[in-house]
Number of protein chains: 2
Amino acid sequence: MDNSQNTEDKILAAAREVFHKKGLSGARMQEIADLAGINKSLLHYYFRSKDALFEKVFTETFSQLANKMTEIFLSEMTLMSKIGIFVNFYFNFISGHSYIVQFVINALQDKPERIREVILKQNVTPEILLETIRKQLKEEMGLDIDPLHIYVNILGLVIFPVIARPLIQSIFAIPDERMAVFYEQRKKIVPTFIENALKGYETDRTMV
Amino acid sequence: MDNSQNTEDKILAAAREVFHKKGLSGARMQEIADLAGINKSLLHYYFRSKDALFEKVFTETFSQLANKMTEIFLSEMTLMSKIGIFVNFYFNFISGHSYIVQFVINALQDKPERIREVILKQNVTPEILLETIRKQLKEEMGLDIDPLHIYVNILGLVIFPVIARPLIQSIFAIPDERMAVFYEQRKKIVPTFIENALKGYETDRTMV
DNA sequence: ATTATTTTTGACCATCCGGTTAAACTATTC
DNA sequence: GAATAGTTTAACCGGATGGTCAAAAATAAT
């Protein structure tokens, strides 16, 4: 047999690609089948329905993303090191998976309940993540700031430029090459920006 | 006649609502017609096709958004005042139009060319916006930083928490009331965060 | 080798959906 | 008030789309 991959994996790979790019309503079962190089009926043979297949892809994708994020922040490092590594890793990762984050956000916008099932299967508790950041803010920088705000700030500075790429690029007429440079610059700029901001709290003493 | 609104406006209002929430492929012409309280054929009578109607809504929405953004940054104020006002305004505006930004991003992700036509109709040149910010960074804070990075930072800190709301809220199990508080807090936190970050550059002298 | 089981296919179905058309209704013009 | 133009509707069309099914092909079990 030339079946280098088994059918189920081929389907999942194709479904991932199509769903990530086009979302649930934009994707076509036929397109997924074609991409996987199989008959459309097989999709229903392995996964009951379009929705079931989508849910599978969503769960998978979300877990992957969540794991990558928490993994770094739960490791043994200073907060600033974590931020540096996270930002760096993320820009690299996402440049090869540009649709992923938006896919997750859209899927959740469309139907927030989707996350329930997934979050339970997850081994990481979000509370632990926040608590870890809170402790590090306090102990390493003497800051009593809500860790959620800081975490959201970090994500915003990293994720927004990626999902808004078409927006930014077209508005400011930036060619692809300069855009690549732009992202490369952000690997340094974002950690510096955050560090400056946090240090500012130290001197200011205007806590939130 | 009881036609409080003319038909065209009723259609546009309905189309806005549906397209904003569900996007092009997720929206149904019948649903728009129902919401507008008219016959489906009328949609085609006033706007040729689904695509034409969508394009109309997109243009309209994008312009509204872009104008709001640039208006503030091109006014006569210190950069920090602009940032404060912008952040404040945006959280207020968006809480009543939560789907808008994501709608624009998705529409552009789906088909980047969409922006071409719109940008030409726009009276604001993006270059002027950046140039204004650059000048203010230099003159008011003595900073030689790429204004695009700063602008993107601001947008990221404001927009990301809004479009990722379902994500954030479900992951961290935040009830609606606490989420409202969260956004209210950000009106202060974000400007402070940015101000600290920028001041950090001043003392650091580690320019980018 | 034969049977039983799993995998794959092509033909098909019902429904959805964007779009068309002709006729009905309304408003305007003369 | 008849003629004309503009607006609205219901019925319909054709193709796309998610999904089914029975039979064929491949694989495994005896």
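The chains referred to below are lettered A, B, ... by the order of the sequence lines, with proteins before strands, and numbering in each begins at 1.
Sparse packing is recorded around NZ of A:K56, with 12 or fewer heavy atoms of other residues, nucleotides or ligands lying under 6.0 Å away. Open room surrounds NZ on B:K22; 12 or fewer heavy atoms of other groups in view lie less than 6.0 Å from it.
Going from atom CG of A:D34 over to atom P of D:dT17 covers 11 Å, rounded to whole Å. Rounded to a whole Å, the CG atom of A:L42 is 11 Å from the C1' atom of C:dT6. Residue A:K50 contributes atom NZ, which lies 14 Å from atom P of D:dT20 at whole-angstrom precision. Atom OH in B:Y46 sits roughly 20 Å away from atom P in C:dG18 (whole-Å rounding). Separating the OH atom of B:Y45 from the C1' atom of C:dG18 is a distance of 19 Å, rounded to the nearest angstrom. Rounded to whole Å, atom C1' of D:dG19 lies 5 Å from atom NE2 of A:H44. Protein atom CZ of A:F47 is 14 Å distant from nucleotide atom C1' of C:dT7, rounded to whole Å. Regarding A:Q30, its CD atom lies at a distance of 12 Å from the C1' atom of C:dT9, rounded to whole Å.
Residue B:N39 places none of its side-chain N or O atoms closer than 4.0 Å to OP1 or OP2 of D:dT8. Contact check, B:R28 against C:dC16: no side-chain N or O comes under 4.0 Å of OP1 or OP2.
For A:S41, whose side chain is taken as the heavy atoms from C-beta onward, the closest listed nucleotide among D:dA10, D:dT20, C:dT8 is D:dT20. Closest to the side chain of A:K40, from the set C:dT8, D:dG18, C:dG18, is D:dG18.
For the atom pair A:K135 NZ and A:E140 CD, the distance stands at 11.0 Å (nearest 0.5 Å).
Taking the six-membered ring where tryptophan is involved, the planes of A:F54 and A:F19 are perpendicular, since the angle between them exceeds 60° and thus also 30°.
Residue A:A27 is classed as a sugar-phosphate contact, given heavy-atom separations below 4.0 Å to backbone atoms only.
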